[in-house]
Amino acid sequence: MKKEYTIYINGKWTPSTSNKTFNTTNPATREILATFPQGTKEDVLKAINAAEQAFPKWKKTPAPKRGEIILTAAAIMRKKKDELGETVTKEMGKIIAEGKGDVQESIDFLEYIAGEGRRLFGETTPSELVNKFCMTIRQPIGVVGCITPWNFPTAIPCWKIGAALIAGDTIIFKPASMTPLCGAKLVEIFDEAGLPPGVLNFVTGPASIVGNEIVENPSVKAISFTGGVSAGIDVYSRAAKHLKSVEVELGGKNPQIIMDDANIDLAIEGVLFGAFGSQGQRCTATSRLIVHENVYNEVISKLVKRTTALKIGNPLDPSVNVGPVASEDQQKTVLSYIDIGVKEGAKLLSGGKKLFGGIYDKGFFVQPAIFEAIHGMRITKEEIFGPVLSVMKVKNYDEAIKIANDVEFGLSSSIYTKDVNLAFRAIDDFESGITYINAPTIGAEVHLPFGGIKNTGNGGREAGTSAIDEFTEIKTVFIDYSNTLQKAQIVEE
Ligand code: UN1
């Protein structure tokens with residue numbers, strides 16, 4: 001049963017000025033789930049106007065009150081967790097446990113950030129002059145644009161929207177065109193939670209029209225974007241013309257190192273989850289496994305055995321371990337990288353094939369692939385965003401770290417070892433925004449900062465306490481109660 005959605009402006013579901021629509025489909029079955037408008041520049045202008053009108057009142061609303069609305073949204077989401085989790089799975093293809101996990105991450109973040117309404121801390125510090133008081137306060141930025149990806153279709157929008165709301169900003173939300181239904185359901189929840197009209201506006205449509213207008217319109221003061229590197233660079237440079245505050249969260253090529261003293265079975269569990277969870281479609285997915293030569297053969301044989309036993313099928317079936325990739329294009333990209341790997345001379349140890357028969361003929365399934373690879377091959381350097389793992393053998397820790405760091409990205413990293421000294425060295429040595437010891441490269445927790453270095457981002461961090469930095473301006477305030485003109489830096493003789 002498909003539903004026809006409109007855009008959401010000023011608290012109302014409103015027809016787009018365009019009569020063109022697009023479908024969102026289930027990647028496991030190709031069933032059409034809903035249709036959405038191909039939004040236009042005019043739609044975005046209306047959304048911006050609504051957000052600008054709503055801003056003064058929202059800014060004046062006490063932050064704890066803003067937090068109450070966010071908490072109400074979290075409570076509604078908790079009630080709808082199963083239903084929303086199913087929507088995530090149907091629209092994006094991750095298995096149902098992960099679909100519900102996506103929603104749980106959204107709830108966790110909203111609950112966390114709602115409490116920030118009673119903090120939003122500034123600083124106080126002594127003045128260099130007598131009878132003068134100094135402090136900083138946080139103020140909202142204004143209208144902000146949240147442009148979100150399809151791989152975490154509820155969690156990542158909630159990281160951005162939740163933080164912008166508590167900060168007092170008003171929002172233009174553009175979801176990925178592959179997962180607008182999850183986006184629309186979030187908007188419905190915020191609407192039900194009592195968000196005032198105009199505070200959150202939702203426009204679907206192409207990045208080249210809707211996205212570009214959000215990024216380039218001078219009335220949108222800040223942009224928060226998660227997606228691929230080339231799109232991120234494009235967003236960053238377009239927004240730079242207006243000196244906007246921009247945060248981009250981009251790709252990864254995340255390594256897991258297994259040392260020879262590691263708990264091998266645990267390390268295998270970790271890599272299976274990190275590499276093939278969500279079909280490898282996470283920025284934090286493990287795409288490189290770097291293994292000490294002393295345990296290499298054991299790791300390979302156990303890993304291949306476990307991977308070939310994974311059940312691939314309809315992600316709504318709780319017994320399935322691996323669902324489809326998110327679209328036909330994704331499937332093509334993944335299969336083309338498998339081809340590239342084979343042509344480069346990497347040894348395909350298991351998987352990597354398209355599947356046929358039954359549901360496989362309809363959906364975009366690819367068997368999880370394990371390559372024995374040599375560092376430097378394209379499959380070891382480029383982000384594939386699919387269930388493809390390159391395994392590399394190393395002689396020692398130094399070689400492992402060198403390979404781990406020799407990529408353009410720096411999001412997540414992991415090492416399995418029982419040697420505490422080595423673990424601490426790795427914390428220093430990994431070039432990444434996130435490091436895990438004896439845990440996979442995935443599984444960020446919402447109350448800690450999330451983001452990366454190198455080509456993974458432009459220096460900001462989402463979630464945790466840093467979420468507020470992205471969506472607030474700092475104002476420095478001086479209060480002189482001396483009744484005299486006091487001059488900083490000027491010494492009166
Ligand atoms: C992403 O991959 O885009 O670390 C975000 C994780 C998630 C967040 C990933 N909680 O697995």
Side-chain angles (χ1 to χ4, degrees), residues 85 88-89 91-95 97-113 146-163 175-176 178-179 182-183 224-229 231-232 235 247-256 269-288 323 325-326 330 383-389 409-414 430 432-453 455-458 460-464 466-467 470:
V88 171
T89 291
E91 195 177 29
M92 182 273 166
K94 61 176 81 175
I95 58 170
E98 291 175 330
K100 289 183 192 170
D102 201 309
V103 178
Q104 188 59 50
E105 193 165 342
S106 312
I107 297 166
D108 293 344
F109 184 73
L110 295 179
E111 288 178 349
Y112 166 76
I113 208 72
C146 297
I147 304 179
T148 60
W150 48 263
N151 67 331
F152 277 84
T154 67
I156 294 180
C158 282
W159 291 2
K160 296 184 193 301
I161 292 169
M178 265 151 67
T179 53
C182 289
S224 183
F225 172 86
T226 300
V229 178
V235 164
E247 183 156 324
V248 291
E249 292 291 342
L250 311 172
K253 191 72 189 171
N254 312 291
Q256 176 182 318
E269 289 296 331
V271 70
L272 281 170
F273 186 44
F276 304 133
S278 295
Q279 291 76 257
Q281 301 166 119
R282 302 188 190 220
C283 330
T284 50
T286 312
S287 51
R288 298 179 296 145
V325 293
Q330 278 295 112
E383 183 177 47
I384 300 173
F385 223 66
V388 183
L389 179 71
F409 302 105
L411 181 53
S412 186
S413 55
S414 144
F430 273 129
S432 61
I434 305 167
T435 288
Y436 291 90
I437 307 295
N438 294 323
T441 59
I442 65 171
E445 297 184 31
V446 301
H447 54 300
L448 288 137
F450 180 94
I453 63 172
N455 282 356
T456 294
N458 59 345
R461 295 289 183 272
E462 291 198 291
S466 17
E470 187 182 352

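Values in this document were obtained by computation on a predicted structure and should not be read as measured data. These numbers come from the heavy atoms of this one structure, side chains and all, not from hydrogens, waters or symmetry mates. Atoms within each ligand, like the ligands themselves, are counted from 1 in listed order.
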Measure the shortest side-chain to side-chain distance between Leu250 and Asn455 over non-hydrogen atoms and say whether it is less than 4.5 angstrom.
no
Nearest protein heavy atom to [atom], by residue and atom, and its distance?
{"atom": "atom 6 (C) of ligand 1", "answer": "Gly443 N, 3.2 Å"}
{"atom": "atom 11 (O) of ligand 1", "answer": "Arg282 NH1, 2.6 Å"}
{"atom": "atom 3 (O) of ligand 1", "answer": "Cys283 SG, 2.7 Å"}
{"atom": "atom 4 (O) of ligand 1", "answer": "Ala444 N, 2.9 Å"}

Backbone or side chain, does any N or O of Thr441 fall under 3.5 Å from an N or O of ligand 1?
no
Does only the side chain of Thr226 get under 4.0 Å from ligand 1, or the backbone, or both, or neither? Count heavy atoms.
neither
What part of Glu105, side chain, backbone, both or neither, has a heavy atom within less than 4.0 angstrom of ligand 1?
side chain
Any atoms of ligand 1 less than 4.0 Å from a non-hydrogen atom of Ile156? List them with their elements.
3 (O)
Is the cationic atom of Lys94 (NZ for Lys, CZ for Arg) positioned less than 6.0 Å from the six-membered ring centroid of Phe152 and within 45 degrees of its normal?
yes
Can Arg282 be said to sit on top of Phe450's aromatic six-ring, NZ or CZ under 6.0 Å from centre and within 45° of the ring axis?
no
Quick test of your reading of the structure: of Trp150, Phe152, Phe109, whose heavy atom lies closest to atom 9 (C) of ligand 1?
Phe152
In Å and rounded to the nearest 0.5 Å, what is the CH2 to CD1 distance from Trp159 to Ile113?
12.0 Å
Mutual orientation of the aromatic rings belonging to Phe385 and Trp150 [parallel < 30°, tilted 30-60°, perpendicular > 60°]:
perpendicular
Looking just at side-chain N and O atoms, do Ser414 and Thr441 make a donor-acceptor pair shorter than 3.5 Å?
no
Judged by modelled atom types alone, do Thr435 and Ser413 share a side-chain donor-acceptor pair under 3.5 Å?
yes
